[in-house]
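Input: a single structure, listed below in structure tokens.
Reminder, nothing fancy here: chain letters follow the sequence lines and each chain counts from 1.
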Amino acid sequence: MGKILDISSEDRSADSILAWLRARHPELAEEAVAARAGDRILDLTAPLPETDKLEVLTFEDEAGREVYRHTASHIMADAVQSLFPEAKVAIGPAIQEGFYYDFDVPEPFTEDDLAKIEAKMREIIAADLPLVRKEMPRLEAINLFREKGEKYKAELLAAMPDEVVSTYSQGDFVDLCRGPHLPSTGRVKAFKLLSVAGAYWRGDERNPMLQRIYGTAFPTQEQLDEFLRRREEAARRDHRRLGRELDLFSIPEQLGGGLVLWHPKGGMLRYLIEEFCRREHLKRGYQMVFSPHIARAHLWETSGHLSFYRDGMYGPMMIDDEEYRIKPMNCPFHVLIYKSQVRSYRDLPLRLFELGTVYRYERSGVLHGLLRVRGFTQDDAHIICTPDQIGEEVKGVLDFALFLMRAFGYQDFQVDLSVRGDSDPDKYMGSDEEWEIAERSLVEAIESRGLSYHRAPGEAVFYGPKIDIKLEDSMGRLWQGPTIQFDFNLTSRFDMEYVGADGARHTPLMIHRALFGSLERFIGGYIEHTGGAFPVWLAPVQAKIIPIADRHHDYAQQVGRKLRESGVRVEVDDRRATTGAKIRDGEMQKIPYLLIVGDREQEADTVSVRKHGEGNLGAQGVDDFLSALAAELEPPGGLDAPV
RNA sequence: GCCGGCGUAGCUCAGUUGGAAGAGCAGCUGAUUUGUAAUCAGCGGGUCGCGGGUUCGAAUCCUGCCGCCGGCUCCA
């Protein structure tokens, strides 16, 4: 929130908000970027509005940041057009961490061009040109931009409903823009152009490819430097880099894009996560099932995947003249398990859980480390229940999802509820009654847990409403987390039934849910969240024993054996290297505990403990160390129910 | 898939106007027996992504493929 000023008793004689601010709040006038009156955001050059309250926006406000960076994008477009007069401008919004602008140019920009554009931008900023807003009828604007040859702007205008539109100009540069903007170009203090990339006009690959320049801007050089430093930090934590440095996984060219090899250390990490996951599912009444990787094409016809998910599926393979397909989802298998016998309401709820590996076609350009792959394992479960059980089931899943995410150190969530839109009711499967029951159970679950959420009408997939939970990581980035979806499609396509207390046959409700989503993507995100410094319970190697000289090797092995017997994953570094080198190595591998043993420790039956991120903790008895470690070895606690 | 960039030792990267393929780290061998983030020396290691072309001569220039990286609506 910006600073809110009471202006009810002010006279409106000042030329502009800015002039008024300068007279009454000089320090705020320098910081201000725009002002909000009611739900309208105004230029500082606008007259003082006839409202009681005026909210002064600075860069600290999200809306203010957008204005600031939007002006920076105009300055960039101005610079580009003065250096490349043939460049046509498309769109240039502010985005979360900066801004971009798309240009139609005969030749793509080079890195050298970026430097030239930056230099030109500095000139425009130094000139401190005022940004002038002008309103005009839409048709006049179309003509104006047509004359200038700005066909993209003209196209945008043609599609707009408004009768009157606005332009902003600075010097000779005029741009179609809703605004608002900074009062003058000199208000942009620190900026940097970051990258250039191709982007389709309106994001549609049938349209011409434009050149997009990304940049960012801040009020001070310090803030810009801090932003650039954070980007470097993010690059250091890139899971692909850590995957190699910590020897967790690889995606070798010879294997094929989007296909992952888990090395022993990454394999241990994944094994531990899977074990934890299985155990927690069993505690909550899920039953484990397994299914094969391929199935008859006929099954995928019944499930509908061959019609609505065909593009994501790999081609057929023939077995005994019968067509088979590799599975893109686990659902039909779980449905067949359900249908293997007549189900009574007494059998429900049935919770079938599988770590199911699926294969989906992804276009080569979108593959990305562990985050976007072609073969991955879901922690997939289907809950099949009666309508009067659904409320409790949804709450159970939501609690489970939050527990699991908190166990991995995610504390901040964003909950999205996707429901039907009004526009095209025919595209949705299931009855109105089913949709109502489903939506009500989702809303009740979210609200009963005191979570705030965002309701998105029209965002639901055709087969049912859903909850998506997004996680915020240690660097403030959002990741797709657990998802809870109703599926009215499969219950109907497979004629799923149960016999009710009344002896009649009923259609059950089915929830499809994945909490990690895919193990690959979750672990990829988790590697970046932790920077590769995993908590003790997940560290592939929890402790490394570093003997100082050869004569300490026996003692080191002895300590190693003792720890191993207590369930600690431990290695002994008996290489002929200096202690300093072994310690450096252990630190770079981010091993939680390094245990240095020399004459003193051997004498006293102790280890000298060095903890990752904290340094030397001094000597401790081996048993003392073990009992202190015991709590850290265990996964975070869940329900107390027996396995 | 499309636009751009990149592809040289296991990794990170040099390689000038076309003129004998390099460094650091890692690895191996040896010496050193080490006290909290790199001991020293020596050695091995390459189809310069793959194919075609230009040239007396190509890592370098041209061309076709392959792969990787960034991006491909956060809507004036």
Side-chain angles (χ1 to χ4, degrees), chain A residues 66 69-70 73-74 77 89-102 105 107-111 113 138 141 145 150 152-160 162 165-168 175-179 181 194-214 235 238 240-241 244-245 247 250-257 311 361-369 546-553 575-590 594-601 608-612 614-619:
Chain A
E66 274 181 28
R69 288 172 171 162
H70 194 178
S73 94
H74 273 224
V89 294
I91 58 169
I95 53 176
Q96 200 156 32
E97 303 225 280
F99 60 87
Y100 67 79
Y101 215 119
D102 287 346
V105 278
E107 292 292 319
F109 298 112
T110 63
E111 290 293 316
D113 292 337
R138 187 167 61 99
F145 286 99
E150 294 289 2
Y152 298 99
K153 293 293 184 191
E155 190 181 324
L156 288 168
L157 277 163
M160 269 182 223
D162 317 56
V165 299
S166 58
T167 62
Y168 279 78
D175 197 2
L176 173 69
C177 188
R178 183 181 291 151
H181 274 285
L194 300 169
S195 61
V196 53
Y200 298 103
W201 168 235
R202 303 196 143 202
D204 189 327
E205 61 194 45
R206 290 165 301 195
N207 285 338
M209 173 75 66
L210 307 175
Q211 293 300 314
R212 172 173 298 178
I213 302 177
Y214 285 92
D238 189 307
R240 292 166 300 181
R241 176 180 174 149
R244 187 178 55 244
E245 288 174 357
D247 198 16
S250 62
I251 305 179
E253 196 179 318
Q254 291 136 292
L255 181 59
D311 293 347
Y361 174 72
E362 297 283 356
R363 298 191 298 174
S364 61
V366 305
L367 299 176
H368 183 89
I546 297 178
I548 285 177
D550 288 358
R551 64 178 178 279
H552 309 120
H553 283 189
R575 294 174 304 168
R576 293 172 63 92
T578 59
T579 306
K582 290 178 183 178
I583 288 169
R584 178 165 195 272
D585 234 56
E587 288 289 352
M588 294 210 304
Q589 289 296 306
K590 303 175 198 281
L594 300 178
L595 306 176
I596 292 103
V597 296
D599 291 334
R600 296 199 293 268
E601 289 76 14
S608 182
V609 180
R610 183 187 167 101
K611 187 169 186 177
H612 181 74
E614 292 182 26
N616 190 358
L617 302 184

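- For the OP1/OP2 pair of B:rC11 and a distance below 4.0 Å, the side-chain nitrogens and oxygens of A:Arg241 include no atom meeting the criterion.
- Using atom C1' as the reference point in both B:rU17 and B:rC13, the two lie 23 Å apart (nearest Å).
- If you check every strand for non-hydrogen atoms under 4.0 Å, A:Arg610 touches a base.
- Note on A:Arg178: a side-chain N or O is less than 4.0 Å away from OP1 or OP2 of B:rA76.
- For the pair A:Ile251 CD1 and B:rC69 P, the computed distance is 8 Å after rounding to whole Å.
- With rounding to whole Å, A:Asp247 atom CG is found 13 Å from B:rC11 atom P.
- Counting any heavy atom pair closer than 4.0 Å across all strands shown, A:Ile91 reaches sugar-phosphate atoms only and no base atom.
- Checked against B:rA37, B:rC74, B:rU34, the side chain of A:Pro93 finds its nearest nucleotide in B:rC74.
- In this structure, A:Arg240 reaches the B:rG70 phosphate: one of its side-chain N or O atoms is under 4.0 Å from OP1 or OP2.
- When rounded to the nearest whole Å, the span between CD1 of A:Ile583 and C1' of B:rU36 equals 3 Å.
- For the OP1/OP2 pair of B:rC75 and a distance below 4.0 Å, the side-chain nitrogens and oxygens of A:Tyr101 include no atom meeting the criterion.
- Taking side-chain N and O atoms only, A:Arg244 has a distance below 4.0 Å to OP1 or OP2 of B:rU12.
- Among the protein residues, A:Asp175 comes within range of no part of the nucleic acid, since none of its heavy atoms lies under 4.0 Å from any strand.
- Contact annotation for A:Glu601: base contact, defined as any heavy-atom pair under 4.0 Å involving a base atom.
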